[in-house]
Peer 1: 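This is the structure, below, for whatever I ask next.
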Amino acid sequence: MEKELLPPKMDIVFQALFRKGNETITKAFISEIIGKNIQKIELDKNKNLLREYAKDKMGILDLIAILDDGVICNIEVQLSDNKDIEKRILYYNGKAYSQQMLVGDKYKDLNQTISIAILDYNLKKLMDIEEAHTIWHIREDNNNIKLTDVLEIHIIEIPKVREMKAKGSKNALIDWITFLDNPNQKEVSEIMKTNKEIQEAMEKLEEISSDEELMRLVELRRKAILDENQAKYAARVVGREEGREEGRKEGRKEGRKEGRKEGREEGREEGIKEAKVEVAKKLLKMNIELEKIIEITELTKEELEKLTMEEN
């Protein structure tokens, strides 16, 4: 029986696979994405992330690489749609760019920052774009002139890669994403015959798939993702049902003609808010971090802090 391989598109496995010591495969992978041959790469900033992850099962790990001429490259893999991914990408890109600046430094010395987001879902805003890999810069709207190249964003949607592959498309980036998506596919065995870096990545994956500590962290991550998805689902379902019920009650009370419609709307909103509060209380008891609860329930930080005080 073949040994089960850990899923390389899960963030902690991805981090372990492309960490310091595996520079050859990391250079090859990033080079295919950004379309440039990388001569030098540093991965020192990632050495403690797995250890820190053990203390925070809800954390999401990014891969940070320093490329030629000090270019900063940040890569993250998202398995589920947490909404506002574009804002998250811009935030971390901007943070990486601004953190280079020390007192006395000059703006001209700031290096380019590249963000790469690999998504295991289709981004709603890009539904009309067939390409699986899109590249973004700051451009002038009317003349399509690039203002600067210091900010560069790459978004790769895995479902679109599957579609392209099914239609017969083939290139090195598709091969890499195929490996990340499911290394157990027969296609990957064929890819390894002609791509020595992916063959090396498979060997590294087989090696780390025997790491008991990493296996334990993967199970924690799977549970965290499942809990998070269940919490989101509960928030949507409970919010809808209680909102409808409260809307009906308030609608009946407010009663007739024009007031009936207004009462239903107000009641529905009040019911949804109450449902979100109930979900938030449950998530607080589960010790889910505040940022995640804010994302799930859409309550404000002040509202959650008030709930925390009330519960205590």
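This structure is a prediction, so every number in the text was calculated from the model and none was measured.
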Peer 1: Rounded to the nearest 0.5 Å, what's the gap from CD on Gln15 to CG on Leu17? Could you check?
Peer 2: 10.0 Å
Peer 1: Step by step, work out the side chain to side chain contact (heavy atoms under 4.5 Å, CB included) result for Val161 and Asp181.
Peer 2: CA-CA 10 Å; Val161 173; Asp181 191 25; over 6 Å; no
Peer 1: Would you check, one step at a time, whether the test side chain to side chain contact (heavy atoms under 4.5 Å, CB included) holds for Ile118 with Gln78?
Peer 2: CA-CA 6 Å; Ile118 302 171; Gln78 284 278 6; over 6 Å; no
Peer 1: Here's a test for you: under side chain to side chain contact (heavy atoms under 4.5 Å, CB included), which of Gln185, Lys170, Lys186 qualifies with Ile191?
Peer 2: Lys170
Peer 1: Using 4.0 Å as the upper bound for N to carboxylate O, is an ion pair formed by Lys20 and Glu42?
Peer 2: no
Peer 1: Any chance you could measure Thr113, atom OG1, to Asn93, atom CG, to the nearest 0.5 Å?
Peer 2: 3.5 Å
Peer 1: Within this structure, what is the NZ-CG distance for the pair Lys9 and Leu180, rounded to the nearest 0.5 Å?
Peer 2: 9.0 Å
Peer 1: Side chains of Glu206 and Ser209 only: does a donor on one sit below 3.5 Å from an acceptor on the other?
Peer 2: no
Peer 1: Can you name the residues that form a side-chain contact (heavy atoms from CB on, under 4.5 Å) with Asp128, not counting sequence neighbours?
Peer 2: none
Peer 1: Please report the shortest heavy-atom distance between Glu130 and Lys160, naming the atom on each side.
Peer 2: O-CD, 3.8 Å
Peer 1: Can you name the nearest heavy-atom pair linking Ile89 to Ser115, along with the distance?
Peer 2: CG2-CB, 3.7 Å
Peer 1: Short question: side chain of Asp84, backbone of Lys87 - any donor-acceptor pair under 3.5 Å?
Peer 2: no
Peer 1: Are Tyr92 and Ile156 linked, directly or through other ILVMFWY residues, by side chains that come within less than 4.5 angstrom of each other?
Peer 2: no
Peer 1: Are Met192 and Phe179 connected in a single hydrophobic cluster, I mean Ile/Leu/Val/Met/Phe/Trp/Tyr linked by side-chain heavy atoms less than 4.5 Å apart?
Peer 2: yes
Peer 1: So do the side chains of Asp120 and Val77 get within less than 4.5 Å of each other, counting heavy atoms only?
Peer 2: no
Peer 1: Report, one line per pair, each donor and acceptor closer than 3.5 Å where one atom sits in a side chain of residues 24-39; sequence neighbours left out.
Peer 2:
residue : atom : partner : partner atom : Å
Thr26   : OG1  : Phe18   : O            : 3.4
Thr26   : OG1  : Asn22   : O            : 2.9
Lys27   : NZ   : Gln39   : O            : 3.4
Ser31   : OG   : Lys27   : O            : 2.7
Ser31   : OG   : Lys36   : O            : 3.2
Ser31   : OG   : Ile38   : N            : 3.3

Peer 1: What do you reckon, is CG of Asp69 surrounded by more than 12 foreign heavy atoms closer than 6.0 Å?
Peer 2: no
Peer 1: Side-chain heavy atoms nearer than 4.5 Å, only ILVMFWY residues, links allowed to pass through others: does that put Trp136 and Ile72 together?
Peer 2: no
Peer 1: Using 0.5 Å steps for rounding, measure from the CZ atom of Arg162 to the CD1 atom of Ile177.
Peer 2: 10.5 Å
Peer 1: To check you understand the geometry: which heavy-atom pair defines the closest contact between Val13 and Pro8, and what is its length?
Peer 2: CG1-CA, 3.7 Å
Peer 1: Nearest 0.5 angstrom please: Ser189 OG to Met202 CE, how far?
Peer 2: 6.0 Å
Peer 1: Would you check, one step at a time, whether the test salt bridge (charged side-chain N to carboxylate O under 4.0 Å, His left out) holds for Glu86 with Lys125?
Peer 2: CA-CA 10 Å; Glu86 65 276 16; Lys125 291 183 178 180; 2.7 Å; yes
Peer 1: When rounded to the nearest 0.5 angstrom, what distance separates CD in Glu76 from CD1 in Ile85?
Peer 2: 4.5 Å
Peer 1: So, for Leu205 and Leu6, which heavy atoms are closest and what is the spacing to 0.1 Å?
Peer 2: CD1-O, 3.5 Å
Peer 1: So does Leu102 get a backbone contact from the side chain of Asp105, meaning a donor-acceptor N/O pair under 3.5 Å?
Peer 2: yes
Peer 1: Would Ile129 end up clustered with Leu123 when hydrophobic side chains under 4.5 Å apart are linked, directly or stepwise?
Peer 2: yes
Peer 1: Looking at every heavy atom in both Ile174 and Asn171, which two are closest together, and how far apart are they?
Peer 2: N-OD1, 2.8 Å
Peer 1: Can Ile135 and Ile153 be said to form a side chain to side chain contact (heavy atoms under 4.5 Å, CB included), step by step?
Peer 2: CA-CA 6 Å; Ile135 307 171; Ile153 294 172; over 6 Å; no
Peer 1: Look at atom CD of Glu140 and say whether more than 12 heavy atoms of other residues, nucleotides or ligands are closer to it than 6.0 Å.
Peer 2: yes
Peer 1: Does this structure show an ion pair linking Glu190 with Lys193, if we count only N-O contacts that are shorter than 4.0 Å?
Peer 2: yes
Peer 1: Take a 6.0 Å sphere around OH of Tyr91 and say whether it holds more than 12 heavy atoms from other residues, nucleotides or ligands.
Peer 2: no
Peer 1: side-chain hydrogen bond (donor to acceptor under 3.5 Å, both in side chains) between Thr134 and Glu131: does it pass, once the steps are laid out?
Peer 2: CA-CA 7 Å; Thr134 53; Glu131 288 82 5; over 6 Å; no
Peer 1: Any idea which heavy atoms bring Asp149 and Gln112 closest together, and the distance?
Peer 2: O-NE2, 2.8 Å
Peer 1: Could you pull out all residues at least two apart from His133 that satisfy side-chain hydrogen bond (donor to acceptor under 3.5 Å, both in side chains)?
Peer 2: His154
Peer 1: Check whether Tyr121 and Leu79 end up in the same hydrophobic cluster, where Ile, Leu, Val, Met, Phe, Trp and Tyr are linked by side-chain heavy atoms less than 4.5 Å apart.
Peer 2: no
Peer 1: Between Glu213 and Arg216, is there a side-chain N and carboxylate O pair less than 4.0 Å apart?
Peer 2: yes
